[in-house]
Structure formats: structure tokens, C-alpha cells
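Quick note: numbers below take in every heavy atom, side chains included, and nothing from hydrogens, waters or symmetry partners. Predicted model only: the values in this text are computed from it and were never measured. Letters go in sequence order (proteins before strands), and every chain restarts at 1.
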Amino acid sequence: MAFSPPLTSPPSPESSPTPQQKNLIPWQSMRGLKQIHSLVLRSPSLQTPLILSKLLSFSALNPHGDVSYAQLLLAHIETPTTSMYNVVIRGLSLSRKIPASSSMLAYQALLRCSLCPNNFTFPSLIKALAECGSLWEGRLVHAHVVKLGFESDCYVRNNLIRLYTVCGEMGIAHELFDRFPERDLVSWTTLILGYSKTGRAEEAVSLFLEATDEDLKPDAIIMATVISACSKVGDLKLCRKLHNYIDAHNVESDVVTGNALVDMYAKCGDIESAYSIFKEMNEKDVVSWNSMISGLAQNGEFKEALKLFRRMQCEGIEPDGMTLVAVLNSCANLGSLEMGNWVRVYMDKVCIRANGIIGNALVDMYAKCGRIEQAMELFNKMTKKDVYTYTTMILGLAMHGQAKEALDLFSELSKARIRPNSITFIGVLSACSHAGLVNIGLAHFHDISRVYGINPKIEHYGCVVDMLGRAGLLNEAQEFIDRMPIEPDAFIWGTLLGACKIHGNVKLGESAAKNLLKLQPNEDGAYVLMSNMYASDNQKGDERTMRKLMKVKKVKKTPGCSLIEVDGMVHEFRIRDKSHPRRREIYMVVKEIDGHLRSEGYRPAMEILEQELCWHS
DNA sequence: ATAGGGTTAG
């Protein structure tokens, strides 16, 4: 029922050991290489193509090397060869910091020397271009590839396929894939990944099924790719089919495929299967833990997520930014501010900046835990804000009834040249709803499609019904529902019913309840609200009828639940809850508070079914 | 040449 707090103070980060530069043989460090280079420069007899090539490849390809040094070296070689250029181009493609344009410049230099690129030139060059999404240069190089007859080279072609997929040119990529019968596992994997990353996960999975018809033996890499695509499809049956396939075909699996499976089951809502795979993985890394923790959080199992995070710490696995996002998300939904603050302290200690997704998660945590000023402070400090950052803050302000601030932020969006999305409008509408700004809210609602070209979804209609209902415009709310282009769902009727309850409109409430019961006859909501409404309206007979009806239909009221966090522990309380070890003391204090409240003249609005509620809330 | 995990919701 409760989980223990994290370590009371975040562990200090271990100082990472510096690379043991001293133990390197001379030519494996740049220092040694430069010494040899100066020797070579002084004696022309040493300037043979072989020695120069060695110097080049050590500085360009060695992990302790320096590609820019290799570039300089190459520029001073009088009679360079294609393979010397290939080495530098490969070195450039391997280093992350260097832009694609330098690979392109090296390639152009090669052409200027009247050298001819070969099958080793293109893979690295195209890889560098793909890395940066340089479609224009990529097409140019592709033309050269065709001219020189290297399109049939599988390595070259796979890199071209990769280039087109990362540039979103799936049509060209697939055409290139189809045009040559000679394809290997990498060709399939690359194309499948392309479909998966461009939001066409179904096509990715069916492409894999196509691949299994050919005589290819799937490896761990293609499996991880297709499993990830499957998690995006969200079809549990398909997930199981894939899992069975792996077992049946004895596909060698590793941590990555295991992690992908955990994520896949979690995303498809089968948290038990996810957990059993997680448990049985004999090798786990930080991604395994992250997949499982965020899987729990994505399925609303926030307490379990925090529990698992605790275990992760006990096992000495260092969390990374992604872990913390899942933890913060759980804190936000549990109102667990102490734990959230702990994460912030931890972030400071290990120097994780509150920017990007993790910054957004922190803002959300503060807002949902009631610290709207701290959320705002952090929001203002964040240098890179995206639509998520703004949406989170707008929703937070709306939640706190600060409609003006929320609307101001919304108007800042266009100044920051950020396009709002459909969830941003949920925030805007709920801000208006909570502040009773009906006309402004309606104006924004109309702008959703007219100005922003977004099709309002049922959620947006729900916000408007809520806004009209809260303002007491119940008939308008009903009319709005009647005119909706979408079939009203249970949420819509529940919102109207709730508004009728607040404003005591029994007649309209009855019709809303009828509609709600048509959609979910076995849920307690409509019965409870109606019987409470009858009770407040002194319609004792109707109230009893409602409660009888619940009994006949075997509908039980789901117990409400309150939770608080004390010293990093989350405690839950339900009606007539006697499970807490310190229940006697707790209820004594509650009784005392209740006495104080009553002596000050407070009378809780108790309705028959809710009488005992005040004891846990 | 190819692989896994994250943020906002009526």
C-alpha cells in the first residue's frame, strides 16, 4: 500500500575515469602520430604512399584520432589517391560533430584531383549525407552513383535507401529497393525502419511478413526493428504473433530485442507480458529499466512505476534522462511533490539540464503537484520551448484557474512561431471553462478549424459542453450536443449530467442520464449522480428507485480514493479503509479536524451515497 | 550499411 522513499540524498555521480592515454602505443595517440608525422615531413624518403596512407587512416579512423588533422594532412599530399580520400570521407562520416558539408567538400576535392570515386567512396559519403538529411546533395551523389555504375552495389544501394528514408522519401526508397533483385537483410531492415519512423508502422510490419516469405534468416536487428514498428501499431494480436515467430524460429535475441519486446507489450496494454519478459531477461541495461518503468507509467500504474524505480536504484543502475521523465510523469499523476523535488536535486547533481522533454516533464510535475509558480519559473528559464512546453504550461495554468495567464501564453505561441496542436486547444478551452469565459472560449473553439486547420475532436466538443454547463447554460449545452457533427459519447453525457447536478436541473439531468446509461449500463456514474440529484431535490422516492435499480443491475459504486505523500511515501485512502497501520491515529486526527471545521460553522454537503466520503477525503 | 526506451488530453 505504500512505497518507501528513494535514497534520502541522491547518490553522487561517480567521476568517470579518464581514458588511459598514457598506455597507448605512440601512434595510437595524436601526440605520437604528430611526432611521426614531423619525422616524415623532414625526410622525403619516408613520404611514400604507404606511409602517408597509414598516417591518414590512423588520424581519421582511430577513436583517439582527429579527422580535421587528417583533412589537413590530405590537403598537403601532392599526389593523393582515391583510397586516401575514402579514408577521410569515412572518418568524417563516423564523427558526429562534423557537418555533412565537409564530407561533400572532401568528395568535391577528390573529383577536382581528377580521381575517380569507387565503391568504397559512396557508402560513407551517403551515410554522412543521410545523417544530416541532405536530400539535395544526396540526389546529386546518387546521379554520380548511377553514372559510374555503382547502383547495383548492395552497400551503396543500402546507404541510398537509408538516405531517402530519413528524408521521408519513402516512394523513392521503395522503388530503389524493388528495382534490384539482389537485396540483403540490411536492405529489408532499412526500408522497414523507414516506414516505421515515418508513421507507417502497418506497412513496416507487413513488409517484414513479406521478407519472411523470402529465404532470409531474420537476425536480432531486424526483429528489434519490426517489434518497435509493431508497438506503434498497438495491435496486441500482432504482438503475440511476432513473439511466437521469434520463439518458433529460434531467432537469436539480445538485450535490444528484449527491450523492444517489453516496450511493445507495454504499449499495447499487456503490462503482465511486458513484466514477465523484463523479469526473465538475464541481461538488463538502462533501456530495459526505462522501458518497463515508462511502460507502467503509460498504463497508469504510477505507484508501481515508482516502486520499480526504487528497485532500479537498489540494484545500482544509474538512471538517465529517460528514466527521470517516466519518474516525473508518475510523480505528477500521484501528486508526489517530494519525490519530484528529489528528481530535480538529482538532476542538478548529475548535471542533467531541465530542457527539452525532461524540462517539459518537470514543468508538468510542478503544475500537477500544485506548485504553479515553480512551474512558471522553470518555464521562463527554459531556453528551448516547443509545443509540448507551452501546452503543458497552458494546461497547468488552466488547472489552477489562471485563465488570463493561460490565454496570454497561448497568444505567445504564434509569436514564438510554434503551431498549437489539438491538445493545446484542450488547455485553452479548459482555461476558459474554469474561468467562465464562455464567449472567448467559443471564439477559440471556432478558430480551431477556421484559423488553425485542425479538425476538432470529441474531446474539444466535451470541453465546450463543460464550459457551457459550468456556466449554467444547460439548454445551450444540450443544443450544442444536438448540433455536434460527431456522435456524443459517454463522456459528453457525463459532463452534461455533472453540470445538471451542480445547477440542480433534474429534468435535463434525467435525459442526460438516460443517454449515458444507454452507452454504459454497467457503470456507476449515472446512477450515483442521479440518486444524489434526487436526494438534493428531496425526491426521496426517485432516489430510492435509483438505488434499487443499481442493486438489480448489480452496479457497485467504485470507491473513491484519496492519496497523500508524506516523507516520500504515497498513502492511499478509500472509504471504510482500515488497512493503514496507523489508522487509529489518522482517524483521530481527522475527527479532530472535522470538529474544528464544524465549530467554525462548516457543514459538509453530504449526500446519502457520499456520507462516508468525508472520512477519506 | 541495419537495431531498443521519453513530454501535453474533455
Legend entry - Interface with DNA chain B, restricted to residues 490-499 of chain A and to heavy atoms under 4.0 Å: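 Heavy-atom cutoff 4.0 Å gives Phe491(A), Ile492(A).
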
Whole angstroms only, please: what is the [atom1]-[atom2] distance between [X] and [N]?
X: Leu362(A); N: dT8(B); atom1: CG; atom2: P; result: 13 Å
X: Lys457(A); N: dT8(B); atom1: NZ; atom2: C1'; result: 12 Å
X: Arg183(A); N: dA1(B); atom1: CZ; atom2: C1'; result: 17 Å
X: Lys197(A); N: dG6(B); atom1: NZ; atom2: P; result: 11 Å
X: Leu185(A); N: dA1(B); atom1: CG; atom2: C1'; result: 12 Å
X: Ile221(A); N: dA3(B); atom1: CD1; atom2: P; result: 8 Å
X: Ile481(A); N: dG10(B); atom1: CD1; atom2: P; result: 17 Å
X: His460(A); N: dT8(B); atom1: NE2; atom2: C1'; result: 12 Å

Which one, [options], comes nearest to the side chain of [X]?
X: Thr190(A); options: dG6(B), dT2(B), dT8(B); answer: dT2(B)
X: Tyr388(A); options: dA3(B), dG6(B), dT8(B); answer: dT8(B)
X: Val325(A); options: dT8(B), dT2(B), dT7(B); answer: dT7(B)
X: Lys267(A); options: dT2(B), dT8(B), dG6(B); answer: dG6(B)
X: Thr392(A); options: dT7(B), dT8(B), dA1(B); answer: dT8(B)
X: Arg162(A); options: dT2(B), dT8(B), dG6(B); answer: dT2(B)
X: Glu459(A); options: dA9(B), dA3(B), dG6(B); answer: dA9(B)

Could you tell me how the ring of [X] sits relative to the ring of [Y]: parallel (under 30°), tilted (30 to 60°) or perpendicular (over 60°)?
X: His142(A); Y: Tyr164(A); value: tilted
X: Phe150(A); Y: Phe122(A); value: tilted
X: Phe177(A); Y: His174(A); value: perpendicular

Inset, instruction - Scan Leu308(A), Asn329(A), Leu306(A) and name whichever one has a side-chain contact (heavy atoms from CB on, under 4.5 Å) with Ile293(A). - result: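 Exactly one candidate clears the test, Leu308(A).
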
Inset, instruction - Go through the steps to decide whether Asn86(A) and Tyr107(A) satisfy the test side chain to side chain donor-acceptor pair (under 3.5 Å), and finish with yes or no. - result: CA-CA 9 Å; Asn86(A) 289 350; Tyr107(A) 177 66; over 6 Å; no

For [X], report the nucleic acid contact type (base, sugar-phosphate, nothing); a contact means any heavy atom under 4.0 Å.
X: Leu324(A); value: nothing
X: Asp254(A); value: base
X: Asp489(A); value: base
X: Gly359(A); value: nothing
X: Ile426(A); value: sugar-phosphate
X: Arg90(A); value: sugar-phosphate

With respect to the phosphate group of [N], does any side-chain polar atom (N or O) of [X] fall under 4.0 Å of OP1 or OP2?
X: Asn159(A); N: dT2(B); result: no
X: Arg470(A); N: dG10(B); result: no
X: Lys385(A); N: dT8(B); result: no
X: Arg157(A); N: dT2(B); result: no
X: Lys127(A); N: dT2(B); result: yes

Legend entry - Residue Glu214(A) excluded, over 12 heavy atoms near CD under 6.0 Å: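 Yes, the 6.0 Å shell around CD holds more than 12 heavy atoms from other groups.
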
Inset, instruction - Please say whether the positively charged group of Arg90(A), taken as NZ for Lys or CZ for Arg, lies over the ring of Phe120(A), i.e. under 6.0 angstrom from the six-membered ring centre and within 45 degrees of the axis. - result: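 Verdict for Phe120(A): no cation-pi partner in Arg90(A).
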
Legend entry - Basic-acidic side-chain contact under 4.0 Å: Asp235(A), Lys241(A):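 So Asp235(A) does not pair with Lys241(A) through a salt bridge.
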
Legend entry - Pair Arg470(A) + Asp466(A): basic N to acidic O under 4.0 Å: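 So Arg470(A) pairs with Asp466(A) through a salt bridge.
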
